[in-house]
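Accompanying notes for the structure given below.
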Amino acid sequence: MSDNTVWHAHRVDRSQREALNAQRACLLWFTGLSGSGKSTIAGLVEERLHQLGKLTYLLDGDNVRQGLNGDLGFSDADRVENVRRIGEVSGLFVDAGVITLSAFISPFRSERGAVRQRLAAGDFIEVFVDAPLATCEARDPKGLYRRARDGEIADFTGIDSPYEAPQAPEVHLHNDGSRSPAVMAQQVVDYLARRRCV
Ligand SMILES: Nc1ncnc2c1ncn2[C@@H]1O[C@H](COP(=O)(O)OS(=O)(=O)O)[C@@H](OP(=O)(O)O)[C@H]1O
Ligand SMILES: Nc1ncnc2c1ncn2[C@@H]1O[C@H](COP(=O)(O)OP(=O)(O)O)[C@@H](O)[C@H]1O
């Protein structure tokens, strides 16, 4: 928090924005290794919510790192700052009344926990896209694992940079390839329906 600043409450608040859009906002936080299926599944969930008439926004690691977080690399410190900023942006989207989907490796438990704490109870829904490293490496759609193994990319998650799996995610998707991304996206939508978010 900057010094000498005072919070200003505005005339239109989150609940009024939610009422206007006839929806309840929340943050779906997709975490998992590179290649685990975060973007694919988050994209399918967003498409389904859009079809249901919900206002959504999907924030994605590769995309955000081309703009807002273009100054950050993949050291531990830069990943901490990456997730902190995304947590703040996600919080603003939720306050805007939008069902927000954030898909980032977000490898550290403490930083994911900090985003959870930043939001109101129940607004943070952790979705663990759980795929074995061997599966992610076999998919390797961008050739990054091969380059990391060849020593061309340092600090690669799962190779020479850690990934701390969630201990109690709200939704745990086993994306080892035995089921389609569409089936797993439906699991997320079903969770939202049980929570009366859709
Ligand atoms: N060193 C290293 N480690 C992991 N990933 C790397 C690295 N370098 C580049 N990439 C590409 O960056 C994407 C991950 O960015 P994130 O912002 O999600 O990472 S993090 O949350 O800060 O850990 C990741 O995208 P996904 O594969 O979609 O996860 C990669 O395309
Ligand atoms: N259940 C699945 N079965 C087959 N291929 C999958 C499955 N889930 C994801 N993929 C593929 O794996 C690759 C990585 O998925 P992606 O969503 O880009 O992962 P991430 O965003 O976690 O890096 C993509 O080519 C995607 O089509």
Side-chain angles (χ1 to χ4, degrees), residues 27-48 56-91 93 100-116 118 124 126-166 169 171-190:
L27 171 58
L28 287 163
W29 187 278
F30 294 79
T31 174
L33 293 172
S34 175
S36 58
K38 302 180 296 296
S39 305
T40 305
I41 298 169
L44 290 168
V45 172
E46 183 181 37
E47 185 177 46
R48 182 69 190 129
T56 60
Y57 197 78
L58 171 53
L59 294 155
D60 189 279
D62 273 326
N63 296 0
V64 173
R65 279 176 172 277
Q66 291 188 13
L68 176 67
N69 291 353
D71 58 326
L72 301 176
F74 291 90
S75 64
D76 287 2
D78 278 6
R79 290 177 198 258
V80 165
E81 176 60 11
N82 184 43
V83 171
R84 187 193 70 80
R85 286 186 204 168
I86 298 310
E88 288 296 321
V89 171
S90 300
F93 271 91
T100 308
L101 305 93
S102 292
F104 296 85
I105 296 176
S106 46
F108 302 127
R109 240 171 246 144
S110 59
E111 272 55 52
R112 295 193 302 265
V115 179
R116 184 188 288 276
R118 187 206 179 284
F124 181 89
E126 191 169 36
V127 181
F128 179 24
V129 185
D130 187 1
L133 177 63
T135 304
C136 299
E137 210 168 338
R139 288 178 183 150
D140 204 12
K142 303 171 212 165
L144 296 176
Y145 281 101
R146 187 189 50 73
R147 291 177 59 202
R149 289 290 186 197
D150 289 348
E152 290 173 23
I153 302 177
D155 298 330
F156 200 83
T157 308
I159 308 293
D160 56 352
S161 185
Y163 179 76
E164 299 170 357
V171 183
H172 190 156
L173 304 174
H174 297 274
N175 194 25
D176 56 9
S178 58
R179 286 175 305 157
S180 73
V183 167
M184 267 157 295
Q186 188 59 45
Q187 240 181 283
V188 178
V189 175
D190 289 346

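Below, each value reflects all heavy atoms present in this structure, side chains not excepted, and no hydrogens, waters or symmetry copies. Both counts, for ligands and for their atoms, begin at 1 and track the order of listing.
If you look at ligand 1, the protein residues with a non-hydrogen atom under 4.0 Å away are Ser34, Gly35, Lys38, Gly61, Asp62, Arg65, Phe74, Arg79, Asn82, Phe104, Ile105, Ser106, Pro107, Lys142, Leu144, Ile153, Ala154, Asp155, Phe156, Thr157. Around ligand 2 you find Leu33, Ser34, Gly35, Ser36, Gly37, Lys38, Ser39, Thr40, Arg139, Pro141, Asn175, Arg179, Pro181, each with a heavy-atom distance below 4.0 Å.
For Asp60, the side chain to side chain donor-acceptor pair (under 3.5 Å) partners two or more places apart in sequence, or in a different chain, are Ser39.
Each ring-ring contact (aromatic ring centres under 6.0 Å, His included) pair with one or both residues in residues 126-146, not counting sequence neighbours, appears once here: Phe128-His172, Tyr145-Phe156.
Note on Glu88 versus Arg85: no salt bridge recorded, every NZ/NE/NH1/NH2 to OD/OE distance being 4.0 Å or above.
Cation-pi check for Arg112 over Phe124 is not met; the charged atom does not lie both under 6.0 angstrom from the ring centroid and within 45 degrees of its normal.
The structure places CG of Asp76 at 13.5 Å from CD of Glu81, a figure rounded to the nearest 0.5 Å.
With 3.5 Å as the limit, one finds a donor-acceptor pair spanning the side chains of Thr157 and Arg79.
If you run side-chain contact (heavy atoms from CB on, under 4.5 Å) between Trp29 and each of Leu101, Val127, Thr100, Ile86, only Ile86 comes through.
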Can you check side-chain contact (heavy atoms from CB on, under 4.5 Å) on Phe74 and Asn82, steps first, answer last? CA-CA 9 Å; Phe74 291 90; Asn82 184 43; over 6 Å; no
Carefully, step by step, assess Asp190 and Gln186 under the rule side chain to side chain donor-acceptor pair (under 3.5 Å). CA-CA 6 Å; Asp190 289 346; Gln186 188 59 45; 2.9 Å; yes
